[in-house]
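Here the structure is a predicted model, which means the values were calculated and not measured. Quick note: residue numbers are just sequence positions, from 1.
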Amino acid sequence: MNQDNEQVVSSLSAEEVTIALNGILTTDKFAASPQMSAFLKYVVEQTLVGNTRRIKAFTVGIEALGKPASFDPQTDPSVRVLAKRLRSSLETYYLQNPDTTVFIEMKPGSYVPKFLLRSEMKSTPPAQQMPSYQTTATHSMPAAVSPAPAPDVSNERTEPQADRETGINQLWQAYKTASKVA
């Protein structure tokens, strides 16, 4: 295993990463998108075998997505667009699956994934996790318009589950924020 790959793979075994990958690929969203699934599977497998230097827009386009040899990633943004969609889908997956212990992350600017255990993710105090947005305008709603009442969702989740999901969402957001700064 080369040194670049060791930094990407972390302390996880290839089997743990493969199990996490298969869990993601079997979800409805990924099953319905064969190109996104092929993209993720390709970059994970190439990383696991130590071929991180081969993971570029051109090779992803040709080898994972079946683009012709004349594919030019400079003029055809399809790999970049799919990578952005993949990042968003992974984020959604982790938010919807709070018990996930292995995270596959692809930071913007790279197609090489990182594999992380939940315990390896940095957490920050809640005040630093989400930016605080304050409005300076003091507009009030006209008297004739009133906001619709919020739907009653009290029966949808138990308190421990809601607390766990909130904690996981905060941890994920803190990790993403810290990763963007670094």
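Here N22 contributes atom CG and T27 contributes atom OG1; the two are 11.5 Å apart, rounded to the nearest 0.5 Å. Atom CD of Q46 sits about 7.5 Å away from atom OG1 of T59, to the nearest 0.5 Å. Atom OG1 of T92 sits about 10.5 Å away from atom CG of N97, to the nearest 0.5 Å. Between atom OH of residue Y93 and atom CD1 of residue I24 there is a gap of 5.5 Å, rounded to the nearest 0.5 Å. Taking OG1 of T47 as the start and OH of Y42 as the end, the distance is 9.5 Å to the nearest 0.5 Å. Put simply, OG1 on T100 and CG on L116 are 12.5 Å apart, with the number rounded to the nearest 0.5 Å.
Nearest heavy-atom pair across A57 and V79 is O-CG2, 3.7 Å. Y111 approaches F39 most closely through the heavy-atom pair CD2-CZ, 3.8 Å. Residues D76 and K67 come closest through the heavy atom pair OD2-NZ, 3.9 Å. In this structure, P73 and R80 approach most closely via the heavy-atom pair O-NH1, 2.8 Å. Minimum heavy-atom separation, M106 to A83: CE-CB, 4.2 Å. Looking at every heavy atom in both residues, Q35 comes nearest to L65 through O-CD2, 3.5 Å.
Checked against side-chain contact (heavy atoms from CB on, under 4.5 Å), D72 has the following partners two or more places apart in sequence or in another chain: Q74, T75. When the salt bridge (Lys or Arg N to Asp or Glu O under 4.0 Å) test is applied to E63, the partners found at least two apart in sequence or on another chain are R54. Residues forming a salt bridge (Lys or Arg N to Asp or Glu O under 4.0 Å) with R87 (at least two apart in sequence, or on another chain): none.
Looking at Y94 and I104, their side chains come closer than 4.5 Å, going by heavy atoms from C-beta outward. A 4.5 Å side-chain heavy-atom check between R85 and S33 finds at least one atom pair inside the cut-off. Looking at heavy atoms from C-beta onward, L95 lies in side-chain contact with E91 at the 4.5 angstrom threshold. Residues V43 and V112 have side chains not in contact (no heavy-atom distance under 4.5 Å, counting atoms from C-beta outward). No side-chain heavy atom of L90 sits under 4.5 Å from any side-chain heavy atom of E105.
For S88 (side chain) and K84 (main-chain N/O), no donor-acceptor pair under 3.5 Å exists by modelled atom type. Checking side-chain atoms of S37 against main-chain N and O of F30 turns up a donor-acceptor pair under 3.5 Å.
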Residues L117, V102; criterion side chain to side chain contact (heavy atoms under 4.5 Å, CB included); working and verdict: CA-CA 5 Å; L117 281 171; V102 176; 4.1 Å; yes

